[in-house]
2 protein chains.
Amino acid sequence: MSTKAPRIPLGVIRRLPVYLRHLKQLEDHHVQTVSSQELGAQLDLNPAQIRKDLAYFGEFGRKGIGYEVRYLIDKIEQILKLDREIPVALVGAGHLGIALCHYNQNKPGNLVIGHVFDNDPAKVGMRIGQVVVRPAEQLERCLREHQIRMAVIAVPAEHAQEVADRLVQGGVTAILNFAPAALRVPEHVHLRNADFTSELQSLAYYVLD
Amino acid sequence: MSTKAPRIPLGVIRRLPVYLRHLKQLEDHHVQTVSSQELGAQLDLNPAQIRKDLAYFGEFGRKGIGYEVRYLIDKIEQILKLDREIPVALVGAGHLGIALCHYNQNKPGNLVIGHVFDNDPAKVGMRIGQVVVRPAEQLERCLREHQIRMAVIAVPAEHAQEVADRLVQGGVTAILNFAPAALRVPEHVHLRNADFTSELQSLAYYVLD
DNA sequence: TAGATTGTTAATCGATTAACAATC
DNA sequence: TAGATTGTTAATCGATTAACAATC
C-alpha cells in the first residue's frame, strides 16, 4: 500500500535502527541478500516480526529470495527520514553533552548536532570538535532561525523542564532527554527518556546472588 | 502474597525507578501520602497500572488513604535491591564513560561505579573523581575478586562483543550496553541496550515538517 | 519445476485499563 | 457513617507469533 493512516507501533519504529545498523554490517561484509529467517537468527528476533515490521511500510522483499541488503537500507533510511540532513540541537555541554557531541562527529550520519548550548559562562565559547558552545539565551532564537525540530537535553534534572519548555517554544517537536526527570511536554511533541540511572536501577532487579 | 513465582513483566520493572524518583521528590516537598490517582496524574500514567505494578510485590497501600510516601520508597528500594550497596564495573573511559562515572559520583546511590577499565595505556592510571582507570587485562580477575555482578559497556562498537564476553567470563549477570552493537550474551545474563544513535534515529521518524 | 521465502491473515499471548467489592 | 482508595478480577486492547497462499 502507500498512504499513511495505519499508526505504527512504537516498538516497530524502535527496531528499525537495529535492522538498519545490522544491514549496514552485512553490506560491509558484501552480503547482497538476506532473509527474515537469517536476520532473525542474527538479531535474536522472530522472523515473522521482522517481516511484519517492514510490511507496515511497503513490500521490500522478494518471495523465495529475501531482502536485497542495499535496497532495504535505503528504504529504512527513507522511512526514518535519515535520507535528508536533520539538524539537532544539544542543550548542556557537561561531560555527557560533550560525549554525545563527539560521538556524533566521529560517526557522522544525517543527524547532525550543529548547535550546542549551555548557561554556564565558563562553557560558552568552548569548542567541541567543530562546534562552539553558545549561551543558553540564544536558544529559542537559534532554533527558529535554523528551523531545528530535534533536540537533546543533557542538563541537570533541576533545569530539564525549563529547557524542555524553551525547546518547545523554539519549535522543537522531538526530544531525547538524558536528565533524570519526568518531563511534561505538549501532545504534539515526542519525548524519549534515556536516563542512565533509571536504566541501571531497573537492571539491579535482575542481579541475583 | 510473598513467594516469587509470578514472573514480573519488564515494563513493570522499568517503571519502578520512575516511581521511586518521583516519590523522593514528593518526600523532599514533605508530602506524606499519595494516591495512585495523584501519582498517575503527576507521571502521566494510568492509576490502575500503578496499583497493579505495586501489587506484584505486596500490599503497600491503605484503602481509602493511598500510599505512605516514605514507606513506599523503602519498599521499592528493597524490590530493586537498592537497599544494599551494589558494585558496578565500567568498561571504557572515553567521554561517555567519564560522564557516567562523574554522574554516578555526583549523585551517589547504592549503585557504585568503583572500577573502571580501559585498554588504552594513555587512559590507564587516569583518575575520574575518586576512581582510577585500570588496564583492561585485569578485568576478569578484578570482577571475580570483588564479586561484581553489574557492568556498563562504554567502548566502541567494535570491541563491545569482546568486552561482553569477558564480563560474562568474570561473572557479570547484568549489563548496560551503550555501544551501538547487537550483543550476544548467554540466557542467564540480562542485557539492556542504551544506544544514543538508535534512540535519535528512531526519534527522527516523528519529526514532521 | 521444486524449494524457499515473502506478505498477510488468523491465533495466541501479554499488557493495559475498567470495574468493583473490600475496607480504611 | 460517608467518601475515598486500594487490591484484584474481568474486559479490552495491542503486539507477537504461527500458518499459509502467493510467487520468485
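Sequence lines set the chain letters: A, B, ... in the order given, protein chains first and strands last, and positions in each chain run from 1.
Sequence order on DNA chain D of the closest nucleotides to B:Ala48 and B:Glu38 puts B:Glu38 first from the 5' end. Taking for each of B:Tyr67 and A:Gln49 the nucleotide of DNA chain D with the nearest heavy atom, the 5'-most of the two is the partner of B:Tyr67.
Put simply, A:Arg14 has no side-chain N or O that comes within less than 4.0 Å of OP1 or OP2 on D:dA15. The phosphate of D:dA4 has neither OP1 nor OP2 within less than 4.0 Å of any side-chain N or O from B:Arg51. One finds a side-chain N or O of A:Ser36 lying less than 4.0 angstrom from the OP1 or OP2 phosphate oxygen of C:dT6.
To the nearest 0.5 Å, atoms CD1 (B:Ile13) and CZ (B:Arg15) are separated by 9.5 Å. Expressed to the nearest 0.5 Å, how far CG of B:Leu176 lies from OG of A:Ser202 amounts to 8.5 Å.
Rounded to whole Å, the distance from CD on A:Glu59 to C1' on D:dA22 is 11 Å. Here the P atom of nucleotide D:dC20 and the CD atom of A:Gln37 are 17 Å apart, to the nearest Å. Straight-line distance from the CD1 atom of B:Ile65 to the P atom of D:dT5: 9 Å, rounded to whole Å. If you measure from atom CZ of B:Arg15 to atom P of C:dA15, you get 9 Å, rounded to the nearest angstrom. Put simply, CZ on B:Phe57 is 14 Å from P on D:dT8, counting in whole angstrom units. Nucleotide C:dG7 holds its P atom 9 Å from the CZ atom of A:Phe60, rounded to whole Å. Rounding to whole angstrom units, CD of residue B:Glu68 and P of D:dT6 are separated by 14 Å. In this structure, B:Ile13 atom CD1 and C:dA15 atom C1' are separated by 14 Å, rounded to whole Å.
Counting non-hydrogen atoms of neighbouring residues, nucleotides and ligands closer than 6.0 angstrom, the CD atom of A:Gln130 reaches no more than 12 such neighbours.
Searching all strands for a Watson-Crick or G-U wobble partner of D:dT23 with both distances below 3.5 Å returns C:dA4. Remark: D:dC13 base-pairs with C:dG14. Criterion, Watson-Crick or G-U wobble with two distances under 3.5 Å.
You'll find that the side chain of B:Lys63 is closest to D:dT6, out of C:dT5, D:dT6, D:dC24. Closest to the side chain of B:Ala55, out of D:dT17, D:dT8, C:dT5, is D:dT8.
Electrostatic pairing of A:Asp28 and A:Lys24 does not count as a salt bridge here, judged by no charged N lying under 4.0 Å from a carboxylate O.
Judged by the 6.0 Å and 45° rule, A:Lys81 forms a cation-pi pair with B:Tyr205.
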